[in-house]
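Right, I'll just put the structure down here and ask away after.
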Amino acid sequence: MNRFALFAERPVESSRRCDASLIAGIILFWGLGILTLYMCSANYGSRVFDDSLYFVKRQLLLSVPSGIACICCATFSLDVIRKLLPGFVIGTLILCLLPFVPGIGSPRNGASRWIRVPFAGETFQPSELAKIAVILFLANWFDKRSEQSESEPLKMRSAIAGLSVFVLIVLFQDDFSTALFILLIGLLLFYMAGAKLGYLVPFGLLAVFALLLFVFSSPFRVNRLIAFINPEFDTHGYNYQTSAARTAISDGGFWGQGMGSGLDKINRIPEIQTDYIFAGWAEAMGFFGVIGYFALLLFFSWRAYTAAVRCRNTFGALIGFGAASCILVQSLMNCGVVCGALPATGITLPFFSYGGSSLLATFCLSGLSINISRYREEPVESVL
């Protein structure tokens, strides 16, 4: 396998301080997410739980363990992360199998994606951790084998097999969108590691065939696809959320409706505090706010990718690229769904969507990006 030019080796111990601008972007993202969650969930919280701050309080509470995980990911050395990697990957695989175990799994609407958290009254979605596990596994795999000959297809087959295991387990959880997302991030890492297209094309074609077969085997997924192709199809059913989200975005105008009581459109979107929270931000802040969101996302991605490019260690560089890509691609996919540019997927919006699983994964990925910013070739101006 050819070595990517920007990933020239450098001792892991040679590190500097974290990129403060990246940290600032992450904190700002989280703060805006809490603000948006309040705007979108206050009415629903008051009506159902008699507490307008119900979801905000729970999100703040969930932010504590997520923040601790972020600090750990940001401060552990790459050598420590590599040593913990086997246990983390195996543990994640076990967690991904637990939703199928009666009494532990918490099935909803025919899907087995969640496990019950003892004594907490919460559920956890292990597939969120699978995103991180795939990034770390592939980064370590390609780093360990970067000096070996690319003519040995067994090495590529092993990496593909590892990626396929995670994709298939998540797919059998009836979580098609997350499985497709993990596959996409995995293929991006294959490309960045310098893998030949000759290895990826057959695997990609086989994966596309399997995913299409999985889509057309379920009437629910077929109807979702039809709803995407025909926006006028079942506007009170499959297309209801997307139609209501587009209306909310349109009503935001240029300057938005503000954070007051005029946000009546977002209250019509079921579970807006999760997958469709971006519609609430757009109605409240308008086109100006949407541009501001994408500017912040662009800034975060620039700093995170810069950290990955400057990292002179292959393992760290691939981790940084995977973590940045995971947050960026997931954000774009979610916004695309809310705007009707992509079929409904159930993918959450990083930093904004309510839920402990998504928040934990986002903070861990952010922590890894912060960590990688320490291993750079030259100092940057914005450092702690």
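Along the sequence shown, residues are numbered consecutively beginning with 1. The structure displayed is predicted, hence computed values, not measured ones.
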Item to check | Beyond-backbone contact of Trp30 with Ser63, side-chain heavy atoms, under 4.5 angstrom | outcome: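 When only atoms from C-beta onward are counted, Ser63 and Trp30 do touch, with a gap below 4.5 Å.
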
Item to check | Heavy-atom donor-acceptor pair, Arg310 side chain to Ser373 backbone, under 3.5 Å | outcome: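 Side chain of Arg310 to backbone of Ser373, a donor-acceptor pair under 3.5 Å: no, none is there.
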
Next on the checklist: If you apply the rule side chain to side chain contact (heavy atoms under 4.5 Å, CB included), what do you find for Phe166 with Ser127, and how did you get there?
Outcome noted: CA-CA 9 Å; Phe166 279 103; Ser127 58; over 6 Å; no

Checklist entry - Do you know which two heavy atoms are closest between Cys311 and Ile372, and how far apart they sit? => result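 Closest heavy-atom pair between Cys311 and Ile372: CB-CG2, 3.8 Å.
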
Item to check | Smallest separation among heavy atoms of Glu283 and Ala248, with atom names | outcome: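 So the minimum-distance heavy-atom pair works out to CB-O, 3.3 Å.
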
Next on the checklist: Using the rule that Ile, Leu, Val, Met, Phe, Trp and Tyr join whenever any side-chain heavy atoms are under 4.5 Å apart, tell me whether Ile27 and Ile370 fall into a single cluster.
Outcome noted: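 They do share one cluster, since a chain of ILVMFWY contacts under 4.5 Å joins Ile27 to Ile370.
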
Next on the checklist: If we ignore hydrogens and angles and just use 3.5 Å, is the side chain of Asp174 paired with the main-chain N or O of Arg113 as donor and acceptor?
Outcome noted: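 A pair under 3.5 Å: no.
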
Checklist entry - Roughly how far, to the nearest 0.5 Å, is the CZ atom of Phe300 from the CZ atom of Phe351? => result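 Phe351 CZ to Phe300 CZ: 5.0 Å, rounded to 0.5 Å.
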
Checklist entry - Only one of Trp281, Phe352, Phe287 forms a ring-ring contact (aromatic ring centres under 6.0 Å, His included) with Tyr293, so which one is it? => result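 With Tyr293 as partner, Trp281, Phe352, Phe287 yield a single ring-ring contact (aromatic ring centres under 6.0 Å, His included), made by Phe352.
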
Checklist entry - Are Leu296 and Phe294 joined in one hydrophobic group, where the rule is that I, L, V, M, F, W and Y side chains link up if heavy atoms are under 4.5 Å apart? => result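 Yes; tracing contacts between hydrophobic side chains, which count when under 4.5 Å, links both residues.
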
Item to check | Point-to-point distance, once rounded to the nearest 0.5 Å, from CG of Leu187 to CD1 of Ile182 | outcome: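 Rounded to the nearest 0.5 Å, the CG-CD1 separation comes to 12.0 Å.
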
Item to check | Nearest non-hydrogen partners of Tyr305 and Ser325, listed with the distance | outcome: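 Shortest heavy-atom separation between Tyr305 and Ser325 comes out as OH-OG, 2.8 Å.
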
Item to check | Atom CZ of Phe49: over 12 foreign heavy atoms under 6.0 Å | outcome: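 Yes, CZ of Phe49 has more than 12 neighbouring heavy atoms, counting only those of other groups under 6.0 Å.
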
Checklist entry - Does the side chain to side chain contact (heavy atoms under 4.5 Å, CB included) test come out yes or no for Leu95 and Leu98, once each step is laid out? => result CA-CA 5 Å; Leu95 285 175; Leu98 289 181; 3.8 Å; yes

Checklist entry - Distance only, no hydrogens: is a donor on one side chain within 3.5 Å (strictly under) of an acceptor on the other, for Thr348 and Ser353? => result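 No, no side-chain donor-acceptor pair sits under 3.5 Å.
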
Item to check | Verdict with reasoning, Gln125 to Asp175, per side-chain hydrogen bond (donor to acceptor under 3.5 Å, both in side chains) | outcome: CA-CA 10 Å; Gln125 191 172 352; Asp175 194 352; 3.0 Å; yes

Next on the checklist: For residues Leu37 and Leu61: do they belong to one hydrophobic cluster (side chain heavy atoms under 4.5 Å, members Ile, Leu, Val, Met, Phe, Trp, Tyr)?
Outcome noted: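 Per the 4.5 Å side-chain linkage, Leu37 and Leu61 are not co-clustered.
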
Next on the checklist: Measuring only between side-chain heavy atoms, which start at C-beta, is Gln59 closer than 4.5 Å to Ile34?
Outcome noted: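 Yes, close enough: below the 4.5 Å cut-off.
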
Next on the checklist: Please check: side-chain N/O of Gln173 versus main-chain N/O of Cys96, any donor-acceptor pairing under 3.5 Å?
Outcome noted: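 Yes, the answer is positive, given that a donor and an acceptor are paired below the 3.5 Å cut-off.
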
Checklist entry - Roughly how far, to the nearest 0.5 Å, is CD1 of Ile71 from CG of Asn371? => result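 That separation rounds to 12.5 Å.
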
Checklist entry - Do Asp143 side-chain atoms and Thr314 backbone N/O form a donor-acceptor pair below 3.5 Å? => result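 Absent.
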
Next on the checklist: Check for me, please, whether Leu97 and Val117 land in the same ILVMFWY cluster - side-chain distances under 4.5 Å, paths through other members count.
Outcome noted: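 The answer is yes; both residues are in one hydrophobic cluster.
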
Next on the checklist: Before we go on, tell me: are the rings of Phe100 and Phe172 under 6.0 Å apart, centre to centre?
Outcome noted: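 No: the rings miss the under 6.0 Å criterion.
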
Item to check | Between Ser52 and Tyr38, a side-chain donor and acceptor under 3.5 Å | outcome: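 Short answer, no.
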
Item to check | Separation between SG of Cys72 and CG of Leu368, rounded to the nearest 0.5 Å | outcome: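 Here the rounded value is 11.0 Å.
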
Checklist entry - Where do Met39 and Thr36 land on the side chain to side chain contact (heavy atoms under 4.5 Å, CB included) test, with the steps shown first? => result CA-CA 5 Å; Met39 292 188 299; Thr36 308; 4.1 Å; yes

Next on the checklist: Could you check whether atom CZ of Phe88 has more than 12 heavy atoms from other residues, nucleotides or ligands sitting under 6.0 Å from it?
Outcome noted: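 More than 12 heavy atoms, drawn from other residues, nucleotides or ligands, come within 6.0 Å of this atom.
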
Item to check | Side chain to side chain, Val337 and Ile347, heavy atoms closer than 4.5 Å | outcome: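 Counting from C-beta outward, Val337 and Ile347 never come under 4.5 Å.
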
Checklist entry - What are the two closest non-hydrogen atoms of Gly105 and Arg116, and how far apart are they? => result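 Between these two residues, the closest heavy atoms are O-NH1, 2.6 Å.
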
Item to check | Step-by-step side chain to side chain contact (heavy atoms under 4.5 Å, CB included) determination, Ile135 to Leu365 | outcome: CA-CA 10 Å; Ile135 291 172; Leu365 292 167; 3.9 Å; yes

Item to check | Phe288 with Phe278, same ILVMFWY side-chain cluster at under 4.5 Å | outcome: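 No, no single cluster joins them.
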
Next on the checklist: Going by the rule ring-ring contact (aromatic ring centres under 6.0 Å, His included), which residues pair with Tyr276 if we only count those two or more places apart in sequence or in a different chain?
Outcome noted: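 By the ring-ring contact (aromatic ring centres under 6.0 Å, His included) rule, Tyr276 matches no residue at all.
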
Checklist entry - Side chains of Phe363 and Ile68: does their closest heavy-atom pair fall under 4.5 Å? => result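 With C-beta onward as the side chain, the pair stays apart.
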
Checklist entry - So, for Arg374 and Ser77, which heavy atoms are closest and what is the spacing to 0.1 Å? => result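 Minimum heavy-atom contact is NH2-CA, 4.2 Å.
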
Next on the checklist: Tell me whether Thr247 contacts the main-chain N or O of Ser243 through its side chain, where contact means a donor paired with an acceptor under 3.5 Å.
Outcome noted: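 Indeed, once roles are kept as given, a pair shorter than 3.5 Å links the two residues.
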
Checklist entry - Are any non-hydrogen side-chain atoms of Trp114 and Phe124 less than 4.5 angstrom apart? => result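 No - every pair of side-chain heavy atoms lies 4.5 Å or more apart.
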
Item to check | Sub-4.5 Å side-chain heavy-atom contact between Asp79 and Phe315 | outcome: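 No, their side chains stay 4.5 Å or more apart.
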
Next on the checklist: Any heavy-atom pair between the side chains of Tyr54 and Val48 that's under 4.5 Å?
Outcome noted: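 No, too far: nothing below the 4.5 Å cut-off.
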
Checklist entry - In Å, rounded to the nearest 0.5 Å, how long is the span from CD1 of Ile132 to SG of Cys326? => result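 Ile132 atom CD1 to Cys326 atom SG measures 7.5 Å (nearest 0.5 Å).
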
Checklist entry - Is the backbone of Arg246 close enough, under 3.5 Å, to the side chain of Ser250 for a donor and an acceptor to pair up by distance? => result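 Between the backbone of Arg246 and the side chain of Ser250 there is no qualifying donor-acceptor contact (under 3.5 Å).
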
Next on the checklist: So does Asp251 get a backbone contact from the side chain of Gln257, meaning a donor-acceptor N/O pair under 3.5 Å?
Outcome noted: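 Yes: the side chain of Gln257 pairs with the backbone of Asp251.
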
Next on the checklist: Would Phe190 and Phe142 count as a ring-ring contact (aromatic ring centres under 6.0 Å, His included) here? Give the steps.
Outcome noted: CA-CA 8 Å; Phe190 271 83; Phe142 289 127; 5.1 Å; yes

Next on the checklist: If we check side chain to side chain contact (heavy atoms under 4.5 Å, CB included) with Val338, which of these qualifies: Ile249, Ile272, Ile277?
Outcome noted: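 Testing each of Ile249, Ile272, Ile277 against Val338, the sole residue satisfying side chain to side chain contact (heavy atoms under 4.5 Å, CB included) is Ile249.
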
Checklist entry - Could you state the interatomic distance from CG (Leu332) to CG (Leu297), rounded to the nearest 0.5 Å? => result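 The CG atom of Leu332 sits 5.5 Å away from the CG atom of Leu297.
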
Checklist entry - Quick one: does Asn334's side chain have a donor or acceptor within less than 3.5 Å of a partner on Asp275's backbone? => result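 Between the backbone of Asp275 and the side chain of Asn334 there is a qualifying donor-acceptor contact (under 3.5 Å).
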
Item to check | Heavy-atom closest contact (Thr123 atom, Ser357 atom, distance) | outcome: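 Looks like O-OG, 4.3 Å.
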
Item to check | Thr362 vs Phe29 side-chain heavy atoms within contact, under 4.5 Å | outcome: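 Result no, sub-4.5 Å side-chain heavy-atom pair not found.
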
